[in-house]
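Notes for the one structure printed next.
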Amino acid sequence: MNNPGTELAATERTLSRKDYQTDNDVRWCPGCGDYAILAQFHKMLAAIGARKEEHVIVSGIGCSSRFPYYVDCYGLHGIHGRAPAIATGLKVANPDLTVWVVTGDGDGLSIGASHLLHALRRNVDIKVLLFNNRIYGLTKGQFSPTSPRGLPTRSSPAGNTDDPVRPLDFAVTAGASFVARAIDTDTTRLQDIFIAAASHRGSVFVEILQNCPIFLDGVFDALRDERGRVDLVDGEPMEFAGKVLGRNERGRLESFDTGHHRALIHDVTDRDTARQLAAIDDSSGLPFPFGILYREERAAQHEAVAGKGRLDIPGMQRRLSASSRVRRQTP
Amino acid sequence: MNNPGTELAATERTLSRKDYQTDNDVRWCPGCGDYAILAQFHKMLAAIGARKEEHVIVSGIGCSSRFPYYVDCYGLHGIHGRAPAIATGLKVANPDLTVWVVTGDGDGLSIGASHLLHALRRNVDIKVLLFNNRIYGLTKGQFSPTSPRGLPTRSSPAGNTDDPVRPLDFAVTAGASFVARAIDTDTTRLQDIFIAAASHRGSVFVEILQNCPIFLDGVFDALRDERGRVDLVDGEPMEFAGKVLGRNERGRLESFDTGHHRALIHDVTDRDTARQLAAIDDSSGLPFPFGILYREERAAQHEAVAGKGRLDIPGMQRRLSASSRVRRQTP
Amino acid sequence: MAIAEEIPRRDETGVSVVVRFCGDSGDGVQLAGNRFTFDAVRAGNDVATFPEFPAEIRAPAGSTAGVSAFQVQFGDHRVYTHGDEADVLVAMNPAALTTNLAHLKAGGILIADTGAFGRKALAQAGYRDNPLDDFDPHRARLVGVDMTAMVLEALGGFDMKRREALKSRNFFALGVVYWMFGRGEDEMLQWIGKKFARSDTVRQANTAAFKTGMAWAETTELMAFERPVADTVAAGERTITGNEALSLGLMAAAALADLELVVGCYPITPASDILHYLSNERDNGVVAIQAEDEIAAIGMALGASYGGAIGVTATSGPGMALKSETLGLAVSLELPLVVVDVQRAGPSTGMPTRAEQADANIALAGRSGEAPVPVVAARSPADCFHAAIAAARIAVEHMTPVVLLSDAALANSAEPWSTPELADIAPIRVPRARAPAGGAKWLPYARDARLVRSWAVPGTPGLQHRIGGLEKLDGTGEISYDGANHERMTDLRERKVAVIGERLDDAIEVYGELSGRLLMVSWGGTYGAVRQAVCDARQLGHAVSHLHLRWLNPMDDSIGDIARGFDRVLVAELNRGQVLERLRARFLVDARGLSMMAGRPFGRRELHNAIVKALNS
Amino acid sequence: MAIAEEIPRRDETGVSVVVRFCGDSGDGVQLAGNRFTFDAVRAGNDVATFPEFPAEIRAPAGSTAGVSAFQVQFGDHRVYTHGDEADVLVAMNPAALTTNLAHLKAGGILIADTGAFGRKALAQAGYRDNPLDDFDPHRARLVGVDMTAMVLEALGGFDMKRREALKSRNFFALGVVYWMFGRGEDEMLQWIGKKFARSDTVRQANTAAFKTGMAWAETTELMAFERPVADTVAAGERTITGNEALSLGLMAAAALADLELVVGCYPITPASDILHYLSNERDNGVVAIQAEDEIAAIGMALGASYGGAIGVTATSGPGMALKSETLGLAVSLELPLVVVDVQRAGPSTGMPTRAEQADANIALAGRSGEAPVPVVAARSPADCFHAAIAAARIAVEHMTPVVLLSDAALANSAEPWSTPELADIAPIRVPRARAPAGGAKWLPYARDARLVRSWAVPGTPGLQHRIGGLEKLDGTGEISYDGANHERMTDLRERKVAVIGERLDDAIEVYGELSGRLLMVSWGGTYGAVRQAVCDARQLGHAVSHLHLRWLNPMDDSIGDIARGFDRVLVAELNRGQVLERLRARFLVDARGLSMMAGRPFGRRELHNAIVKALNS
Ligand SMILES: Cc1ncc(C[n+]2csc(CCOP(=O)(O)OP(=O)(O)O)c2C)c(N)n1
Ligand SMILES: Cc1ncc(C[n+]2csc(CCOP(=O)(O)OP(=O)(O)O)c2C)c(N)n1
Ligand code: SF4
Ligand code: SF4
Ligand SMILES: [Mg+2]
Ligand SMILES: [Mg+2]
């Protein structure tokens, strides 16, 4: 895979999704939702004609975070929760790269919540893919910040006592400039979102609902049903299973019959509605939104902080001389 | 102050606010907003007839975090950002205590953002007072997560490039069960909120806008004006400066003339509206809400996780014998 | 600090056997191994086990990455290690054979399920040809048996899918091994009855498979093994792993102190089981919280300690690194706190399931500023119970954070266990603050003769005070920037830990004479292997003694005196000489390191060779 | 590693004077001190300064907590320290006098603003009576001058409030001191003109105050001081503080390597100024980011290094603790990274503005697992420039994280500074990965003769690879749980750091003979004081030498050889013997520690006494 000879040649021709696979044995459990996500990622790279060397995947620790080992681009498997920080440094140092962050519900929302929050807020141009299986997979089945309340796990034998974090709500509130949701098995939507994410300039947050057949099998089954989900399409009404989402007179989201005058037309630039959609959770009694909830153009962080010019020896010699000439007062 | 003889006697009689002061010299800069907050805190303790030994203030690091040294109850001046975690352990170990957390915009929303998020979400019964001066005071004037975009500071000579965090929005999204805002000089409201916070059972988040005359003097001046603020009163319309806040047909907050049918009546239990109010920021063109935005009753964490009974020697001996009898398989 | 010179005991020689089960993660070899071990203990043997799990993520069935193994040594005398090589290897599939054959003694017995050696399975294991086909009889005696077919046949009458039926193969294998070592059939059948009470089919299937295995062994006249017989060694009522013993020890400590136990943890291999065990003890008064990360976990534990409980947090290397700042705060506050580090191979994520002892450095010196902390290390799975009590005792009685070191091998290995009598263990005294007589002012940083400050728990009327991480004035605890005071406080914090040494009876244990040609030094989990190797060497007449360090800090001067009594000193540790460095610096003895970094405990032979080499050098 | 035996130079004796300014934080004593220092340098003197700020929060004006001080020693020879005691003390108010009088030499000169000694001010300082009233002439010669009144009078004509006018008092004081030491009036007036160009009033007020001060000194025939004259010592063009020199050094390193400089920092005293300085260098290509915390800061730095820049993070003790886990990752990844620790007094929050050297432990050993990291320490403010280049050079050329230690005293003290010629400094070679010839596979963990792997920066076509914190196979970098490989990788990581020692010419510096009665050892900021004290002792004829360690890791064997050449070895450090412990462990020499933990650098006399004591013991 890393044979530079063949590689260079390869980038000249069109690559297929197989070309983006690595030699590494994929070590997820049989039936793990991660496989489907990986396949769509490979496919997306082929679809956009990605040059392998221009993509980097930075991850934390978790089953999901093994992702970089399976994609033949640059990859860094970091430490638990810190991928957004590492990716930030990478992006400002090397702004031409397309930087992906793969994280889990524990990695991104428990130990790494603060880094994720601040990276999204700063609009760092990184694409965060959060694989939400609502459980700690790698450490074998403890509850995570997204685990349903009441869930018995190895660390909550009497049931999880915490209310879950809503990842999309977290991301919109934090200030992500691209917020989307997909589910492992919905290949088309995953593909569309990946392609859109790849070209967004700014902080991307994609929640990917991912089944963990070992520790929380079937937790998303209801959302695979058309009654449990609303597929958002920009400019289209928010229809699902013969109904439509709309805003009632108190300003809240509610389901109405199709064609109702209160039906909402999805507008990816409408942050207020995105906030309401993002807040839908287990207890809302509303279908979960899928697709791109929100998208905004705003200066990305690496542009804002970029240094001007490069430090070379003559330049630095001038800088040093100037500082002595000015005879600046030490503060 | 710590003379136990006189202390015990003192708790029998009614204490005045002076009784809650300590011998420590208060070391904030002249004119610092922290003084006013401290005075109201002392007053609140007197007003609720607080027993000194039942209150504990846990803080992080920052000018604001020196607070515990100035209140004659129990106090722990911790490390930067970690007060919510320390307070959580304290509360579960000793549920009869009233536990306050004093933090700053840097302490609570930068290094400590994740702990704060999770403590609020778990509904830990702690009362978080976040002194927001929109700057790092103690370390002498770097920008903080709430600093205005564009602000030149010692670490952002060309202007801060990040969009600020909205503390109330953060808190409501996180799941705080009591969310309020006050400003240092508004003694009445501060007093009311403190008293209400003291009796709330669950996670309290109070943002206190606090002027730092040294590093960011006057940043809140516009909000001291009646046109810049709306004072929320439960059950009353959201009036300000002859106008009123209401929700327009697109579901957004907007200002209307008083008496308009779209005027909103404040309902502290209405989470959706609280979310909208909390999102008001520098760029909204709306007055900033003050008072209690949101309040909810929900099982507090220390109740959910409480152990049953205490481990004593006979009990533990039984436990040990039982474990051998059962001859449990090691997993 | 007392030195216990242990008289070598008669019970250290005898018969012992090593059995190793291996197969796919789904084959139930851990259950088989544990069960076999348990009945060995019940038969009066001493045992030591070593489970090996595949790396974290479940690998595809049949792959070498998915192989799981369990090794047990049992004997009629004191058994210190799980044994270097197996006398009997049970291999459930080709992947297991290829990865485990090296563990089988030359001339040992290999029991293999020939039915599992199909074409696909062989290919998955990287075999071109079936290795059983012309197995070299000099390598080992092959006992091939088509467990797959026999189990399917025996279970033919049950309403089970093939895949499910095959899950009983481990019981067939157990049947064979039980017969070999004359273990009781009845006990096993009873246990199966209880364990699988909820499913008739599974219970009956396992029973049938087990019986078929036993019958097969009997009919094929499979040689019965020389059977180790229980001797003077009091065996246990059950076995216990290090993590379970450690959890029970923490609970026992809380009981002995009459304090609440509050545990703040963030899951991490191989420490997570401590969180799991303690989460199950809510009915026994334990409060266990899964925190958002390791920093929050130690913060919660420290907050709980401040609030009057025994605050505990358990983690492994990467988490230990994250706890450093808060541990420094605990040193400054002088509050009790137990930080458990179940060491795994590092640096960084390293090899999370593998054992190492390379966190001595971070435990002893991984904080900013001068922040001395007592450090104690458990030496065997069952000893984790006592080490946990020792850690909590010192933490509470001396108002200090304590680091308790275990490791991945201790955590998951098992040892015999008998119910300890808490009445035999000294209660833990709590240095509660009391309002001084005569209206005098109570001072948060006033100290007793042992330099311990007293504990004024919030809620106590009249003792309100403020503490924090800034330097504080000796006595009053007020913030102080005075240089002389800082010097004094630094000195106090140092001496406060040093004086703990005076009361640690168990700090140093010498086995053998107090002088001689070679002193082998161990700490923590290397205890067993070193003791075994020293035993062996002594039986060959060598003047070798064994010094085991329970506490890495404080260290008593007598250690230097002892070391100086030997021509050579060899410190065996699973790192590059971290404790060695302290011994050399402290006592200026030219001790040498015996280092191994292979992610596993020392073997008996490795140590034996090292001893011989050291004696001849 | 080369040993440089330095020949003691003639320039180490001569005349030197210590002046100390003290007053309220608002009185501008730091400005006065810096200005005075600057003109001393311009006059050809060597200088060493030591500013003391009040604890973090602004205390009420006039309180003792709010006192600020600035001490400078200047001389016509090499000046190594800011001096133990002041020859001249300028006190701007009673609070300053009471907290600073102890710093004035017996028989020195005390210049005090008598006008500031009013009733209220005296009470605030805790004086019942005015201490100037019957000042003991044996204690010091009191020069009382009513600066307050004279400044108000001189500035009467300006349109200023009293409070504002009084802000010029520091220029009056400067006038007095400039006259005493014959410093040029013109230079000062020019500088005032430039500095306060933006405000006519302030410029004129300061000018008037300064002239009034000079005139007063002249008319009162205040004795002029014996004036140190510039000698062979090449003085600087300006002064520089440690933090500024360090920042410039990092930039110079980036230029020498032709790499980008990316700095991730979280503010913390006393390291924040590095972030401030570098944030100002955006136009020179520096990317400085204020991260959300220290973990993110080092994460960003590491990410930047991965991306092909020199990643740097700067912090102090508590932040250092937080960086431990990521530093471990950097060791495992083998990427260049510079972690700057500007040490302050600990443990925990400690005394944030005070100096200490107690982070040697955490720098050397504060990580989980075996994670060796080179550690270099700057020895003086201007040396921070060179130490920063050295740290970055080793980081880049050897693909390793490096810890660079400074301290609170170095950070804020100043030294003369002349523009370095970058052409005289060897460029930094970047071990860039190149696609191997002949289509061979590039291996991320293949190494050169110095065991350094090559750097394949993302974006480079054909060299895509994956790295991470799990143990990796030697060469390929693939995840590996193999025990033998782990042993090998551990060994490689250790030797990789050890071999760096072979090329460190500056690692050890011996001043004096290579054997004798006493060897004084210093590292980092204790350099100056130790050198001074050894100079003093040698002048008295003692056989004392000085060994300064620039690198705490790796340490060369020759250090042991040198140490063994002396009867006694004394290691002076502002901690409880952290480097001492390493030296003893490594070389088994009975070195002793000279420890001080008072939040300030050693004094010349303290060291002198220690030397005498050691020689007589
Ligand atoms: C500092 C640190 N703490 C804890 C761990 C152990 N750990 C590894 S992954 C993980 C959580 C995994 O959950 P998630 O992020 O949801 O990923 P998943 O495995 O479910 O994909 C934990 C706690 C670690 N590796 N490092
Ligand atoms: C681990 C750690 N990092 C950094 C610091 C330095 N520090 C102290 S307070 C502070 C920020 C203070 O800002 P804020 O929380 O807004 O409080 P304020 O002083 O404004 O009240 C920082 C960065 C520290 N003490 N500890
Ligand atoms: S444990 Fe769950 S998330 Fe992890 S690989 Fe297995 S199925 Fe996937
Ligand atoms: S720096 Fe600002 S916040 Fe801090 S004490 Fe001074 S005025 Fe208050
Ligand atoms: Mg998960
Ligand atoms: Mg602030």
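Chain letters run A, B, ... following the sequence lines, proteins first, then strands; residues in each count from 1. The model shown is predicted, which means the values in this text are computed figures rather than measured ones.
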Honestly, the part of E356(C) sitting under 4.5 Å from a heavy atom of chain D is side chain
Okay, E494(C) and chain D: the region with an atom under 4.5 Å from a heavy atom over there is side chain
Taken to the nearest 0.5 Å, the spacing of E325(D) CD from K323(C) NZ works out to 11.0 Å
Greatest number of non-hydrogen atom pairs under 4.5 angstrom with chain C, of E487(D), E471(D), K472(D), falls to E487(D)
Side chain proximity check, P318(D) to L329(C), heavy atoms < 4.5 angstrom
no
Requested in this report: Could you tell me whether the side chain of R354(C) reaches within less than 4.5 Å of the side chain of H486(D), counting heavy atoms only?
Outcome: no
Greatest number of non-hydrogen atom pairs under 4.5 angstrom with chain C, of M320(D), R600(D), Q578(D), falls to Q578(D)
The interface call for M596(C) against chain D, heavy-atom contacts under 4.5 Å, is both
Looking only at V331(D), N575(D), L583(D), D482(D), most heavy-atom pairs under 4.5 Å shared with chain C are made by N575(D)
One option among G346(D), S348(D), A321(D) has the most heavy-atom pairs under 4.5 Å with chain C, and it is S348(D)
The interface call for M351(C) against chain D, heavy-atom contacts under 4.5 Å, is both
**Heavy-atom side-chain contact between R493(C) and P347(D) under 4.5 Å** = yes
Turns out that what part of L333(C) lies under 4.5 Å from chain D's heavy atoms comes down to neither
Honestly, the part of R576(C) sitting under 4.5 Å from a heavy atom of chain D is both
Quick one: are R584(C) and L588(D) in side-chain contact, heavy atoms under 4.5 Å? yes
Looking only at A591(D), A585(D), A358(D), G366(D), most heavy-atom pairs under 4.5 Å shared with chain C are made by A585(D)
Looking only at I479(C), D359(C), L580(C), most heavy-atom pairs under 4.5 Å shared with chain D are made by D359(C)
Okay, R582(C) and chain D: the region with an atom under 4.5 Å from a heavy atom over there is both
Closest non-hydrogen contact found for L470(D) with P352(C) is CD2-CD, 3.7 Å
*Does some side-chain heavy atom of M597(C) sit less than 4.5 Å from a side-chain heavy atom of M489(D)?*
no
Tightest non-hydrogen contact, residues I362(C) and S324(D), listed as CD1-OG, 4.1 Å
Requested in this report: For R564(D), look at atom CZ and say whether over 12 heavy atoms of other residues, nucleotides or ligands are found less than 6.0 Å away.
Outcome: yes
Bottom line for T326(C): the part with an atom under 4.5 Å from chain D's heavy atoms is neither
If one checks every heavy atom of N485(C) against chain D at 4.5 Å, the contacting part turns out to be neither
Between A365(C) and N361(D), the two heavy atoms sitting closest are O-CB, 3.5 Å
Counting heavy-atom pairs under 4.5 angstrom with chain C, the leader among A360(D), G599(D), G350(D), G483(D) is G350(D)
